[in-house]
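Structure below; questions to follow.
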Amino acid sequence: MVKGIGTDIVKIERLNGRVINRILSDSELKIYHTFSNENRKKEFAAGRFAVKESLFKALETSFDFKKIEVLKNDKGEPYLSDKTITYLKNVIGDFNIKLSISHEKEYAIAFVIVEGVD
């Protein structure tokens, strides 16, 4: 059963160091700093910001953005870290979350589906 859906689009150039440090988890910041290209760094951060905003909309509850970690598997597919799942279970209970991130020129977009576990 779908508990919520959310989507968000972010203009990549809007992000600055202050915003990036406020929204990325420590693990995400480490990944962010591995990129040498400034545009790639902002693209990465914008995708994570879009996911977190989408998750906020899907859950209809507030949470600490820095406690949400969006990582990617070997295939490049984004997923929420185990630490994030544990944190969110304390907020909303059992669930499954599906998410997608896409980038196009100056925009990043994300889509999140939250399914309840019966």
Side-chain angles (χ1 to χ4, degrees):
M1 180 172 133
V2 173
K3 287 182 128 183
I5 60 170
T7 190
D8 194 64
I9 187 167
V10 175
K11 192 163 188 177
I12 295 169
E13 72 179 35
R14 279 187 42 224
L15 296 183
N16 59 43
R18 184 182 61 81
V19 172
I20 290 166
N21 285 317
R22 199 179 77 225
I23 61 168
L24 295 182
S25 71
D26 291 340
S27 296
E28 291 169 330
L29 278 171
K30 286 179 186 173
I31 296 166
Y32 170 86
H33 288 298
T34 65
F35 299 114
S36 57
N37 181 292
E38 286 301 313
N39 191 52
R40 179 63 187 109
K41 284 181 173 182
K42 284 187 174 185
E43 184 179 80
F44 172 85
R48 272 52 189 178
F49 189 30
V51 167
K52 294 173 188 192
E53 284 287 334
S54 297
L55 188 59
F56 170 75
K57 292 171 183 176
L59 297 176
E60 298 179 348
T61 190
S62 62
F63 52 81
D64 183 351
F65 274 30
K66 288 189 71 75
K67 290 187 178 182
I68 306 299
E69 293 179 338
V70 180
L71 304 175
K72 64 179 183 172
N73 65 19
D74 293 339
K75 296 178 184 177
E77 301 165 334
Y79 70 94
L80 298 177
S81 72
D82 290 341
K83 187 164 61 170
T84 297
I85 298 297
T86 301
Y87 168 70
L88 288 176
K89 281 187 178 186
N90 291 326
V91 175
I92 63 166
D94 283 338
F95 59 87
N96 289 318
I97 293 180
K98 297 180 181 359
L99 59 99
S100 179
I101 305 170
S102 188
H103 304 85
E104 176 62 28
K105 296 182 183 171
E106 67 264 16
Y107 295 98
I109 189 168
F111 188 78
V112 170
I113 298 174
V114 179
E115 299 173 319
V117 175
D118 297 326

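The figures here come from the full heavy-atom set of this structure, side chains too, leaving out hydrogens, waters and symmetry mates. Worth saying up front: this structure is predicted, and the values here are computed from it rather than measured.
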For V112 and D8, run side chain to side chain contact (heavy atoms under 4.5 Å, CB included): C-alpha distance rounded to whole Å, both residues' side-chain angles, the deciding distance at 0.1 Å, then the answer.
CA-CA 9 Å; V112 170; D8 194 64; over 6 Å; no
Under 3.5 Å, side chain of T84 to main-chain N/O of E69, donor-acceptor pair present?
yes
So, does K52 use its side chain to make a donor-acceptor pair with the main chain of I23 at under 3.5 Å?
yes
Without swapping roles, check the side chain of E43 against the backbone of A108 for a donor-acceptor pair under 3.5 Å.
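Checked: no pair found.
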When you look at L80 and V70, which way does the side chain to side chain contact (heavy atoms under 4.5 Å, CB included) test go after all the steps?
CA-CA 5 Å; L80 298 177; V70 180; 4.0 Å; yes
Does some side-chain heavy atom of F49 sit less than 4.5 Å from a side-chain heavy atom of L24?
no
Would a distance-only check, ignoring hydrogens and angles, find a side-chain to backbone donor-acceptor pair under 3.5 Å from Y87 to D64?
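Confirmed, Y87 side chain pairs with D64 backbone.
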Please evaluate residues R48 and F44 with respect to the criterion side chain to side chain contact (heavy atoms under 4.5 Å, CB included), reporting the C-alpha separation (whole Å), side-chain torsions for both, the decisive distance (0.1 Å), and the verdict.
CA-CA 7 Å; R48 272 52 189 178; F44 172 85; 3.3 Å; yes
State plainly whether one hydrophobic cluster holds both I113 and V51, where clusters connect Ile, Leu, Val, Met, Phe, Trp and Tyr through side-chain heavy atoms under 4.5 angstrom apart.
no
Mark yes or no for whether T7, through its side chain, and A110, through its backbone, hold a donor-acceptor pair below 3.5 Å.
yes
Derivation and outcome, side chain to side chain contact (heavy atoms under 4.5 Å, CB included), residues T34 and K30:
CA-CA 7 Å; T34 65; K30 286 179 186 173; 5.9 Å; no
Residues in side-chain hydrogen bond (donor to acceptor under 3.5 Å, both in side chains) contact with R14, at least two apart in sequence or another chain:
none
Would you say that L29 contacts K66 through its side chain, given a criterion of any heavy-atom pair below 4.5 Å between the two side chains?
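SC-SC contact between L29 and K66 confirmed.
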Indicate yes or no for a side-chain donor-acceptor contact from K3 to the backbone of E115 under 3.5 Å, with no hydrogens or angles considered.
no
Backbone N or O of F111 within a donor-acceptor pair of the S100 side chain at under 3.5 Å?
no
Taking the side chain as C-beta and beyond, is there a heavy-atom pair between L71 and I31 under 4.5 Å?
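Yes; the side chains approach each other to less than 4.5 Å.
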With sequence neighbours excluded, residues passing side-chain hydrogen bond (donor to acceptor under 3.5 Å, both in side chains) with N90
none
Using 0.5 Å steps for rounding, measure from the NZ atom of K72 to the OH atom of Y79.
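The OH atom of Y79 is 11.0 Å from NZ of K72, to the nearest 0.5 Å.
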